[in-house]
Amino acid sequence: MTRIFSGIQPTGRKHLGNYLGAIVHYVAGQDRGEGIYCVVDLHATTVHYEPAGLRESVNDTTATLLAAGLDPERCVLFRQSDVQEHTELTWLISSATSYGDLTRMHQFKDKSGKQRDLVTAGLFYYPVLMAADVLAYRANEVPVGDDQRQHVELMRDIAERFNARFGEVLVVPEGRYAAVGARIMDLQVPTDKMSTTGGTPQGTVHVLDPPEAIAKKFRSAVTDSGSQVVRGPDKPGITNLIDILAAVRGVAPEAVEAEFDGGGYGAFKQAVADEVAEYLAPVRERYAELSKDPAEVERLLRAGAEKARAIAQPVLADVREAMGVGPRR
Ligand code: TYM
């Protein structure tokens, strides 16, 4: 069976890009294979953060994932720091990681440029921890948004180099990117991706925004010159809205273009506003229920960690054995 692994950061509130680019594909993965999903609290410590709020963010993100349809009976859902195999494997695969490759990571360049004081070594090493997350489970597939392509390529290189040097121990994973929705853009600045840290407040739609707020953000979305509802390089605003509606409906963007052909921007924006608000409303309602019982969310995370550990431990034992680390088995 295909083993699917993905991770999500507990920082901030999750937005529509996270939802359409990743979370809906985690949910679908539960039916396609064995889904293993991880809230990556250790990655969150690589930039400035408030220790007092981290546990709560993990709880919030977990509740959002459950509200979106992850079912702990049908997948493994856990907190990264509960499974120490991730950090041990990070160190072990360091010996198969190229320093030069790490210096070329776009995300490090972007994020380090935005840090006001300390650029941590953890931020530089972030992609190695991410590789360990996936490799510890011998996962075949990694559903992620477009912004993670370079990190997925790096983990593939690490796995290949490891296997060439120490024997066929690790599985080389494949990235899986949504056909539509892998790169949702900011509604106000549609040439930039929607993002928790870099985006505009009005241009970022949060999964838990109330329906009126969502509708308002879409109605004030920046559009382009002209009036045709068609995609094109000179129409980043309309292209983004077409992609969003297509992803929400689960149809091809061409179907959206055909339906709104000749109708003008106003009616189209109103339709996107209404449909996205309606699409996210049940998630928000389930989240409200789940967040009344943080102890239950915590219980689910711990049970998930047990299952995750049972998969990762034998992989780590094989890695240690192959590397000649520790006593002979
Ligand atoms: P994170 O938490 O930043 O984002 C979670 C997922 O959302 C996707 N995403 C987007 N998709 C479409 N449009 C956007 N505007 C958009 N913004 C974000 C991301 O690509 C991601 O899939 N490094 C990862 C977390 C991670 C991970 C892993 C992922 C840690 N370990 C192992 C896969 C496997 C991250 O920062 O995700």
Side-chain angles (χ1 to χ4, degrees), residues 3-27 29 35-47 49 57-58 60-62 64-65 68 78-81 83 86-87 89-90 93 105-108 110-111 122-123 125-137 139-156 158-159 173-187 189-200 203-207 236 239-240 243-244 247-248 308 312:
R3 185 173 280 166
I4 301 164
F5 184 100
S6 204
I8 187 163
Q9 294 226 41
T11 39
R13 291 170 296 159
K14 297 327 266 184
H15 55 69
L16 188 62
N18 300 132
Y19 201 84
L20 297 176
I23 297 174
V24 286
H25 305 288
Y26 307 165
V27 176
I36 306 175
Y37 305 112
C38 176
V39 181
V40 296
D41 56 344
L42 297 175
H43 277 112
T45 67
T46 61
V47 290
Y49 77 103
S57 297
V58 170
D60 283 356
T61 299
T62 308
T64 305
L65 295 174
F78 70 105
R79 170 173 45 213
Q80 185 184 37
S81 63
V83 182
H86 293 233
T87 42
L89 188 58
T90 301
I93 60 174
M105 293 291 122
H106 306 306
Q107 197 144 325
F108 174 73
D110 289 353
K111 286 193 184 174
L123 189 61
Y125 226 60
Y126 180 117
V128 189
L129 177 59
M130 180 166 162
D133 292 340
V134 175
L135 301 179
Y137 297 88
N140 312 100
E141 265 184 29
V142 187
V144 279
D146 209 51
D147 60 342
Q148 298 298 316
R149 274 181 198 272
Q150 202 187 19
H151 288 159
V152 173
E153 286 312 309
L154 181 81
M155 66 177 73
R156 290 172 52 82
I158 294 173
E174 302 268 347
R176 194 177 165 103
Y177 309 94
V180 199
R183 193 170 174 80
I184 300 296
M185 311 307 273
D186 189 286
L187 301 186
V189 188
T191 45
D192 291 350
K193 69 169 184 185
M194 192 175 283
S195 119
T196 321
T197 45
T200 66
T204 309
V205 176
H206 292 107
V207 175
T239 301
N240 189 36
D243 283 348
I244 289 172
V248 162

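All values below come from the heavy atoms of this structure, side chains included, with hydrogens, waters and symmetry mates left out. Note that ligands are numbered from 1 as they come in the structure, with each ligand's atoms numbered from 1 the same way.
- Using modelled atom types, one side-chain atom of Arg156 and one backbone atom of Pro173 make a donor-acceptor pair closer than 3.5 Å.
- The backbone N or O of Gly199 sits nowhere less than 3.5 Å from a side-chain atom of Asp186 that would complete a donor-acceptor pair.
- Judged purely by atom type and a 3.5 angstrom limit, Lys14 has no side-chain atom pairing as donor or acceptor with the backbone of Thr196.
- Ring orientation note: the planes of His86 and Phe5 are tilted relative to one another, at an angle of 30° to 60°.
- Inspection of the Gln80 and Asp133 side chains reveals an N or O donor paired with an N or O acceptor under 3.5 Å.
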Could you pull out the N/O contacts under 3.5 angstrom between ligand 1 and the surrounding protein atoms?
{"from": "ligand 1", "atom 1": "2 (O)", "to": "Gln9", "atom 2": "N", "distance (Å)": "2.8"}
{"from": "ligand 1", "atom 1": "2 (O)", "to": "Lys14", "atom 2": "NZ", "distance (Å)": "3.4"}
{"from": "ligand 1", "atom 1": "4 (O)", "to": "Asn18", "atom 2": "ND2", "distance (Å)": "3.3"}
{"from": "ligand 1", "atom 1": "7 (O)", "to": "Asn18", "atom 2": "ND2", "distance (Å)": "3.1"}
{"from": "ligand 1", "atom 1": "11 (N)", "to": "Gly17", "atom 2": "O", "distance (Å)": "3.1"}
{"from": "ligand 1", "atom 1": "13 (N)", "to": "Ile184", "atom 2": "N", "distance (Å)": "2.9"}
{"from": "ligand 1", "atom 1": "15 (N)", "to": "Ile184", "atom 2": "O", "distance (Å)": "2.8"}
{"from": "ligand 1", "atom 1": "15 (N)", "to": "Met194", "atom 2": "O", "distance (Å)": "3.0"}
{"from": "ligand 1", "atom 1": "20 (O)", "to": "Gly145", "atom 2": "N", "distance (Å)": "2.9"}
{"from": "ligand 1", "atom 1": "20 (O)", "to": "Asp147", "atom 2": "OD1", "distance (Å)": "2.4"}
{"from": "ligand 1", "atom 1": "22 (O)", "to": "Gly145", "atom 2": "N", "distance (Å)": "3.2"}
{"from": "ligand 1", "atom 1": "23 (N)", "to": "Tyr126", "atom 2": "OH", "distance (Å)": "2.7"}
{"from": "ligand 1", "atom 1": "23 (N)", "to": "Gln148", "atom 2": "OE1", "distance (Å)": "3.1"}
{"from": "ligand 1", "atom 1": "31 (N)", "to": "Asp133", "atom 2": "OD2", "distance (Å)": "2.7"}
{"from": "ligand 1", "atom 1": "36 (O)", "to": "Gln9", "atom 2": "NE2", "distance (Å)": "3.4"}
{"from": "ligand 1", "atom 1": "36 (O)", "to": "Tyr126", "atom 2": "OH", "distance (Å)": "2.8"}

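- Annotation: side chain to side chain donor-acceptor pair (under 3.5 Å) contacts of His15 (sequence neighbours excluded): Asn18.
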